[in-house]
Amino acid sequence: MPAIEAGFARGIKGPIVESLSHDILIIGGGGAGLRAAIAAAEHNPKLDIAIASKTYPMRSHTVSAEGGMAAATREYDSLDKHAFDTIKGSDFLADQDAVEYFVSECPREAVLLEHWGCPFSRDPDGRISVRAFGGMSVKRTLFAGDKIGFHMLHTLFQTTLKHENIHRYDEWFATSILVEDGHASGVTAINMRTGEMSSILAKAVVLSTGGCGRIYKFTTNGWIKTGDGMALAYRAGVPLKDMEMVQFHPTLLPNTGILMTEAARGEGGYLINKDGERFLKRYLPGKMELGPRDIISRSEMTEIKEGRGFEGPYGSYVLLDIRHLGEDVINKKLSFLKELAEKYAGVDPVHEPIPVRPGQHYIMGGVNTDKTGYTGIPGLYGAGEMACVSINGANRLGSNSLTECLVFGAAAGKAAAEYAMRQSMPHLGNPLQGVAMEEETRVYDQVLKHEGGERISSIRSEMQSTMDESVGIYRDENGLSQATRKIAELKDRMRNASVEDRDHVFNTELISALELDFMLDVAETIAYSALYRRESRGAHTRTDYTNRDDAQFLKHSMAYRDHGRPRIQYSPVTITRWQPEARVY
Ligand SMILES: Cc1cc2nc3c(=O)[nH]c(=O)nc-3n(C[C@H](O)[C@H](O)[C@H](O)COP(=O)(O)OP(=O)(O)OC[C@H]3O[C@@H](n4cnc5c(N)ncnc54)[C@H](O)[C@@H]3O)c2cc1C
């Protein structure tokens, strides 16, 4: 690996004498990124692979996943059942060829993870335990207590350490993708420890930067989930697909947004209203608490609107009751949930029900890719929550996301390896060097050194409130139009905003400003895609267009960046074997 000799140090502009380079550069060290690195390393041990991540890999959001990962592993289950549940869950917006590939790879990925050392929970006969999950017709969610994300990420991380050809740039923040002659040739990135910007060149780049939940105020997502990779790809010319499809999870703690895992309902927990009723009998009589997230979140909102919720200092809520499961089951299978409820809500779920309300959790949409992670820009791949293959359509089923990270992380890593083996290493001559210099000017002159103007926190807060209020669970024409105007205004104000901290070492305010700049682009694609989808489907609920409209909208929204603003086009949904039908549970 060449020494770091970035010429961008401390804002002193000058040509980059030498830049860093690798055969494959993976941006993001979460489940998808680590799996991609392993796949590439296994495909060809001679390839030089690097993972750059703005956090240490074990701090990626994957670590916080609780409930489990789906894979059809039992004799009563089948690939077709898993595929159909996923497609029905998606309200028929998923691409069925992608779903068929996904479900067929899930069991293999689960076995691989087990062989690499993931400590899954076991049945007495030694098989990996499975639990029920929302929208799944049978028990197929593999779990490790209620800390699957921690154990999965640890297993993947330690597996990457076995490969000497995987290098890491921990706490490096990618700011742009370098594109030369239409090919992705690397990124510009800030080493957060020094504040220096470098270009890291690569024959192939894999984006695996996770979701964008922080665009919303009330979310389960960690602070790092700011849609960076979506904005990077969008700015490089890749369309963002189905961005209006944002998942709201029904059980968040009302004050913090901390998730009370769906495993609680999978194990038999109840949702109850002020009258002590299991209210889902009115909305999901066949599934009750094991219904899909979109319908349960809306049911909670209806209960609250009709006066059957509770009022609290952090808004209205309903109750999640797991007392009847008993202390043993709670301690064994939901110990993390118990700890979180005690610490953050002051409630011991063995003895009291937990207050919960719906909030942002996941985004079904993302960077448009095919089954190999290919984005349409030669050399650029994407996988994980950031990407939209699409298997999740208008509503993801819980526990499909972690396996999605594994299946499509592996596919993207392998495809990037095959591509890199055919390419020669890009050089930092013109025009790449010019592009990198422009990026340096943007970051250091326009953002870091900008004088006057407002602080970024007020812009971020207004964006989040706008998204919560107008692009939340319920949407309509008026609110969405207002949201698009508001985001345009915030983008204008952002150009004039300034950061107070001018230091280079771990300047988290500068990083936050760059993240906010990404989030505004992503938020705008969500608002526009939602405005033009004049129907209700899955998580996208229009109060002015309440029905699903297959004649007009059985198609993917594709947001292209056009003069800085989204232009929405549409592309067909791939139907293989399952014709759309009414989605009733
Ligand atoms: C609380 C919670 C519980 C969940 N539980 C489950 C569950 O039980 N089952 C399930 O299937 N799904 C679950 N999910 C969803 C699932 O965990 C995520 O969708 C999935 O882990 C995303 O993985 P990822 O690899 O795509 O991204 P992440 O794990 O978010 O990783 C993103 C990586 O990208 C890096 N990065 C981002 N931007 C940049 C940048 N500009 N430069 C450099 N690096 C960057 C970050 O540092 C990080 O390493 C849960 C999600 C949450 C929030």
Side-chain angles (χ1 to χ4, degrees), residues 25-36 51-71 106 131 133-134 141-144 146-150 152-153 156-157 168-177 187-192 200 206-214 219-232 247 249 251-252 257-263 266 293 336-337 340 359-364 366-367 382-387 392 396-406 408-409 412 511 514-515 517-518:
L25 176 63
I26 294 161
I27 308 296
L34 297 181
R35 184 66 189 91
I51 301 168
S53 174
K54 68 180 177 181
T55 60
Y56 193 74
M58 276 307 295
R59 300 189 64 198
S60 304
H61 189 78
T62 299
V63 81
S64 61
E66 299 166 31
M69 51 175 272
C106 288
R131 63 165 47 120
F133 240 70
T141 298
L142 285 60
F143 59 96
D146 57 355
K147 295 192 181 107
I148 181 69
F150 173 84
M152 173 193 268
L153 198 60
L156 292 171
F157 185 57
R168 290 211 324 274
Y169 293 85
D170 294 335
E171 298 179 325
W172 281 61
F173 182 88
T175 71
S176 75
I177 299 172
V187 303
T188 53
I190 298 172
N191 176 350
M192 292 161 66
I200 312 178
V206 180
L207 297 171
S208 47
T209 54
C212 60
R214 282 287 155 180
T219 173
T220 62
N221 284 194
W223 287 98
I224 58 170
K225 297 197 71 172
T226 49
D228 304 6
M230 295 175 186
L232 289 173
Q247 178 159 79
H249 193 294
T251 58
L252 278 59
I258 288 174
L259 181 72
M260 294 290 102
T261 172
E262 186 165 311
R293 292 172 178 175
F336 191 38
L337 173 138
L340 292 170
Q360 198 283 346
H361 179 58
Y362 179 88
I363 180 152
M364 276 69 76
V367 175
E385 187 170 342
M386 184 218 65
N392 300 308
R396 170 178 73 98
L397 294 189
S399 75
N400 264 351
S401 173
L402 290 178
T403 0
E404 176 180 8
C405 287
L406 298 175
F408 293 104
I511 298 297
L514 298 172
E515 287 174 337
D517 195 51
F518 288 148

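Because the structure is a prediction, the values reported are computed rather than measured. These numbers come from the heavy atoms of this one structure, side chains and all, not from hydrogens, waters or symmetry mates. Every number for a ligand or one of its atoms is a count from 1 in the order of the listing.
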Checklist entry - Would you call Gly229 a ligand 1 contact, heavy-atom distance under 4.0 Å? => result no
Checklist entry - Looking only at heavy atoms of Gly211, does any of them come nearer than 4.0 Å to an atom of ligand 1? => result no
Next on the checklist: Give me the nearest non-hydrogen protein atom to atom 21 (O) of ligand 1 as residue plus atom name, then the distance to 0.1 Å.
Outcome noted: Thr62 OG1, 2.8 Å
Item to check | Spacing of Thr62 atom OG1 and Leu156 atom CG [to the nearest 0.5 Å] | outcome: 8.5 Å
Checklist entry - Got the closest protein heavy atom to atom 26 (O) of ligand 1, with its distance? => result Glu385 N, 2.9 Å
Checklist outcome for this item: Under 4.0 Å between heavy atoms, the region of Thr55 that gets near ligand 1 turns out to be both
Item to check | Heavy-atom donor-acceptor pair, Thr403 side chain to Met69 backbone, under 3.5 Å | outcome: no
Checklist entry - Counting from 1, what ligand 1 atoms have a heavy atom of Gly31 closer than 4.0 Å? => result 25 (O)
Checklist entry - Got Asn191 and Tyr169 here, is their nearest side-chain heavy-atom distance under 4.5 Å? => result no
Checklist entry - Given side chains that start at C-beta, do those of Glu66 and Phe143 come closer than 4.5 Å, heavy atoms only? => result no
Next on the checklist: Assess, by modelled atom type and distance only, whether the side chains of Asn392 and Glu404 contain a donor and an acceptor separated by less than 3.5 Å.
Outcome noted: yes
Checklist entry - Nearest protein heavy-atom contact for atom 40 (C) of ligand 1: which residue, which atom, what distance? => result Asp228 OD2, 3.5 Å
Checklist entry - Measuring from the heavy atoms of Glu262, does anything fall under 4.0 Å of ligand 1? => result no
Next on the checklist: Using every non-hydrogen atom in the two residues, find where Gly33 and Ser208 come nearest and quote the distance to one decimal.
Outcome noted: CA-OG, 3.1 Å
Checklist outcome for this item: Atoms of ligand 1 under 4.0 Å from any heavy atom of Thr220, numbered from 1 in the order shown, are 53 (C)
Item to check | Sub-4.5 Å side-chain heavy-atom contact between Thr226 and Lys54 | outcome: yes
Checklist entry - Ser401 to ligand 1: N or O pair under 3.5 Å? => result yes
Next on the checklist: Quick test: of every protein heavy atom, which one is nearest to atom 13 (C) of ligand 1, and how far off is it to 0.1 Å?
Outcome noted: Ala65 CB, 3.9 Å
Checklist entry - Below 4.5 Å, heavy atoms only, C-beta onward: do Thr55 and Ser60 meet side chain to side chain? => result yes
Checklist entry - What's the shortest heavy-atom distance between Arg59 and Ile224, and which atoms? => result O-CD1, 3.8 Å
Checklist entry - Ion pair present between Glu515 and Arg214, side-chain N to carboxylate O less than 4.0 angstrom? => result no
Item to check | Nearest-option assignment for atom 22 (C) of ligand 1, heavy atoms, candidates Gly149, Ala231, Cys405 | outcome: Cys405
Checklist outcome for this item: Logged contact type for Trp172 with ligand 1, heavy-atom cut-off 4.0 Å, is backbone
Checklist entry - Against heavy atoms of Gly30, which atoms of ligand 1 measure under 4.0 Å? => result 25 (O), 29 (O), 31 (O), 33 (C), 49 (O)
Checklist outcome for this item: Note: ligand 1 atoms sitting under 4.0 Å from heavy atoms of Asn400 are 11 (O)
Checklist entry - Atom CG of Asp146 and atom CD of Glu262: how far apart are they, to the nearest 0.5 Å? => result 13.0 Å
Item to check | Per-atom contacts of ligand 1 with Gly29, taking only distances under 4.0 Å to non-hydrogen atoms | outcome: 33 (C), 48 (C), 49 (O)
Checklist outcome for this item: All heavy atoms of Phe133 vs all of Gly68, minimum pair found to be CZ-N, 4.4 Å
Checklist entry - Which is closest to atom 10 (C) of ligand 1 by heavy-atom distance: Ile190, Leu402, Ile148? => result Leu402
Item to check | Ligand-side contact atoms (ligand 1) for residue partner Ala32, heavy atom cut-off under 4.0 Å | outcome: 25 (O)
Checklist entry - Looking only at N/O atoms, are Phe518 and ligand 1 under 3.5 Å apart anywhere? => result no
Next on the checklist: So, regarding Gly398 and ligand 1 (criterion: nitrogen or oxygen to nitrogen or oxygen, under 3.5 Å), is there a contact or not?
Outcome noted: no
Checklist entry - Is there a side-chain contact between Arg396 and Glu385, using heavy atoms and a 4.5 Å cut-off? => result no
Next on the checklist: Looking at every non-hydrogen atom in both residues, tell me the closest pair between Ala65 and Leu402 and how far apart they are.
Outcome noted: CB-CD1, 3.8 Å
Next on the checklist: Using heavy-atom distances only, which candidate in Glu66, Arg35, Arg396 approaches atom 14 (N) of ligand 1 most closely?
Outcome noted: Arg396
Checklist entry - Residues two or more places apart in sequence or in another chain: which of them pass salt bridge (Lys or Arg N to Asp or Glu O under 4.0 Å) with Arg35? => result Glu109
Checklist outcome for this item: Quick look: Ile27 vs ligand 1, heavy-atom contacts under 4.0 Å, and the answer is side chain
Checklist outcome for this item: among protein heavy atoms, the one nearest atom 35 (C) of ligand 1 is Gly28 CA, 3.5 Å
Checklist entry - When only distance counts, is Gly67 in polar contact with ligand 1, meaning an N/O pair under 3.5 Å? => result yes
Item to check | Sub-3.5 Å N/O-N/O distance, Asn221 and ligand 1 | outcome: no
Item to check | Candidate with minimal heavy-atom separation from atom 49 (O) of ligand 1, of Ser60, Gly213, Ser208, Gly382 | outcome: Ser60
Next on the checklist: I need the minimum non-hydrogen distance between Leu34 and Leu153, along with the two atoms involved.
Outcome noted: CD1-CD1, 3.7 Å
Item to check | Gly384: numbered ligand 1 atoms lying under 4.0 Å from its heavy atoms | outcome: 26 (O)
Item to check | ligand 1 atoms in contact with Tyr362 (distance to a heavy atom under 4.0 Å) | outcome: 19 (O)
Checklist outcome for this item: atom 36 (N) of ligand 1: closest protein heavy atom, distance to 0.1 Å, is Lys54 CG, 3.8 Å
Next on the checklist: If you compare all heavy atoms of Thr141 against all heavy atoms of Ser399, which two are closest, and at what distance to 0.1 Å?
Outcome noted: OG1-OG, 2.9 Å
Next on the checklist: How far is atom 53 (C) of ligand 1 from the closest protein heavy atom, and which atom is that?
Outcome noted: His61 NE2, 1.7 Å
Item to check | Minimum-distance protein heavy atom relative to atom 42 (N) of ligand 1 | outcome: Ala174 N, 2.9 Å
Checklist entry - According to the interplanar angle, ranging from 0 to 90°, do the rings of Phe157 and Tyr56 count as parallel (below 30°), tilted (30 to 60°) or perpendicular (above 60°)? => result perpendicular
